[in-house]
Protein chains: 2
Amino acid sequence: MSAEFRCNCPITSAIDLMGDKWSLVVVKNMLLYNQKTFKDFSEASENIATNILSSRLKRLEQNGFITKTKPLNNKKTNIYLLTEKGLSLIPIIVELAIWGDANIHIPSSQEAENGQIAVINNDKESFIKNLKKSYKEKIEAID
Amino acid sequence: MSAEFRCNCPITSAIDLMGDKWSLVVVKNMLLYNQKTFKDFSEASENIATNILSSRLKRLEQNGFITKTKPLNNKKTNIYLLTEKGLSLIPIIVELAIWGDANIHIPSSQEAENGQIAVINNDKESFIKNLKKSYKEKIEAID
DNA sequence: ATTTTTGCTTTTGTTTTGCAAGTAAAAATA
DNA sequence: TATTTTTACTTGCAAAACAAAAGCAAAAAT
């Protein structure tokens, strides 16, 4: 997957970077479910194949959306964390959540977060801020 | 491309529907550049192949994002228009625009809309409303 | 009547994705 | 300490999606 841009439209370029089946899903899982290891991602409900996951993590790191580090007490497990650039995708992910919640009706998700999305919609800005803040607090607690 | 959903996460499902390289690009070109015919889309700066365009238009129509009609005075040209469901994607496209504008630096687009995005950001809600309204007014003028 | 335009489809690659298996090093367990 | 398990990958191969080019039929323009 080349990092080339089709044209100089910022919307199209954003899609060139993040508009594939997996990149935003990985970022979402980092953000909302606190996933941070290869194992975490590969066990997510989306069932990403490990070769795809590996290539996506590499690309996300190369493009500055995530960092890859090893914790002090473990030489094996890699910890992937969102950078500021990665966190700057939150507004896009929030809009996808609102849209998906309003427009996709999956039988088995009737019991899911009803009304939650309405709350987000009413104070989107502070929801985004809080999500970013709480992610940052969580990763501070790791080191 | 099947319309199946990987899991019951609304974000992932939104990506299942619109998270490919072309669907949102076509919608964007309808919305911002008033494109509405096969020819319009195939001549856009993204250079979509006609077979891909054909399959994307079919899928967008099947999923209720666009309609396909023939104008009264022309038996040949098809007119593709965004439905309400298609227009409901505007907030996502706006966030992609803001993100792309802030994060992607393409050499040849230095002269592009500087400051415009800041304006959008300051009153996002009314920008979205106006974009929707102006699209609807334009398509009224067609019939 | 002929040429051009429009909206496709078809053909033939190439690239990306997905599944299954394999692997090497580290960590946990016996 | 030896063996087993876990983690983070890579490899190989099949399937699906994408892309470039050509072809085509009907409508519109000349």
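Residue numbers begin at 1 in each chain, while the letters A, B, ... track the order of the sequences. Computed from a predicted structure; not experimentally measured.
- In terms of the side-chain contact (heavy atoms from CB on, under 4.5 Å) criterion, A:A102 has no residue partners (sequence neighbours excluded).
- Under the side-chain contact (heavy atoms from CB on, under 4.5 Å) criterion, A:T67 pairs with A:L81, A:T83, sequence neighbours left out.
- The interatomic distance linking A:D16 (CG) with D:dC18 (C1') rounds to 14 Å, in whole Å.
- Applying the salt bridge (charged side-chain N to carboxylate O under 4.0 Å, His left out) test to A:K136 and every residue at least two apart in sequence or in another chain returns A:E84.
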Output field dot_bracket for DNA chain C (Watson-Crick or G-U, both distances under 3.5 Å, | for other-strand pairs) contains ||||||||||||||||||||||||||||||

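- The distance from atom CD of B:E46 to atom C1' of D:dC18 is 16 Å, rounded to the nearest whole Å.
- With the nearest nucleotide of DNA chain C identified for both A:S55 and B:K58, B:K58 has the one nearer the 5' end.
- Distance A:N51 CG to D:dC13 P: 14 Å, rounded to the nearest Å.
- Atom CD1 in B:I52 sits about 17 Å away from atom P in C:dG13, given to the nearest Å.
- At the phosphate of D:dT7, neither OP1 nor OP2 sits under 4.0 Å from any side-chain N or O atom of A:Y80.
- Looking at residues two or more places apart in sequence or on another chain, you find a side chain to side chain donor-acceptor pair (under 3.5 Å) between B:T77 and B:N74.
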Quiz item: Run the side chain to side chain contact (heavy atoms under 4.5 Å, CB included) check on B:L57 and B:I66 step by step: do they pass?
Solution: CA-CA 8 Å; B:L57 290 172; B:I66 64 174; 3.9 Å; yes

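- Residue pairs meeting the ring-ring contact (aromatic ring centres under 6.0 Å, His included) criterion with at least one partner in residues 45-72 of chain B, sequence neighbours excluded, are A:W99-B:F65.
- Residues of residues 32-41 of chain B having a heavy atom closer than 4.0 Å to DNA chain C, listed by number: B:T37, B:F38, B:K39.
- Heavy-atom nearest nucleotides on DNA chain D were determined for B:N47 and for A:E43, and the one closer to the 5' end corresponds to A:E43.
- For the side chain to side chain donor-acceptor pair (under 3.5 Å) test, no residue two or more places apart in sequence or in another chain qualifies with B:N130.
- The CG-C1' distance, from A:D20 to C:dG18, rounds to 14 Å in whole Å.
- Residue pairs meeting the salt bridge (charged side-chain N to carboxylate O under 4.0 Å, His left out) criterion with at least one partner in residues 60-76 of chain A, sequence neighbours excluded, are absent.
- Within 4.0 Å (heavy atoms only), A:K70 reaches no atom of the nucleic acid at all.
- The two residues A:Q35 and A:A44 come nearest to each other via the heavy atoms NE2-CB, 3.6 Å.
- For residues 33-46 of chain A, the salt bridge (charged side-chain N to carboxylate O under 4.0 Å, His left out) pairs, not counting sequence neighbours, are A:K28-A:E46, A:K39-A:E43.
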Scoring nucleotides 23-30 of chain D by protein non-hydrogen atoms under 4.0 Å (B base, S sugar-phosphate only, - none) yields ---BSS--

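- In this view, B:K138 and B:N34, B:S134 satisfy the side-chain contact (heavy atoms from CB on, under 4.5 Å) rule, not counting sequence neighbours.
- Here D:dC9 presents its P atom at 17 Å from CZ of A:R59, a figure rounded to the nearest Å.
- Side chain of A:A49, nearest nucleotide from C:dG18, D:dC18, C:dT11: C:dG18.
- Ionic pairing of B:D16 and A:K21 is not present here: no N-O contact between side-chain nitrogen and carboxylate oxygen is shorter than 4.0 angstrom.
- An OP1 or OP2 oxygen of D:dA17 is reached within less than 4.0 angstrom by no side-chain nitrogen or oxygen of B:W22.
- Rounded to whole angstrom, the span from the CG atom of B:L53 across to the P atom of C:dT10 amounts to 16 Å.
- The distance from atom CD1 of A:I48 to atom P of C:dT17 is 10 Å, rounded to the nearest whole Å.
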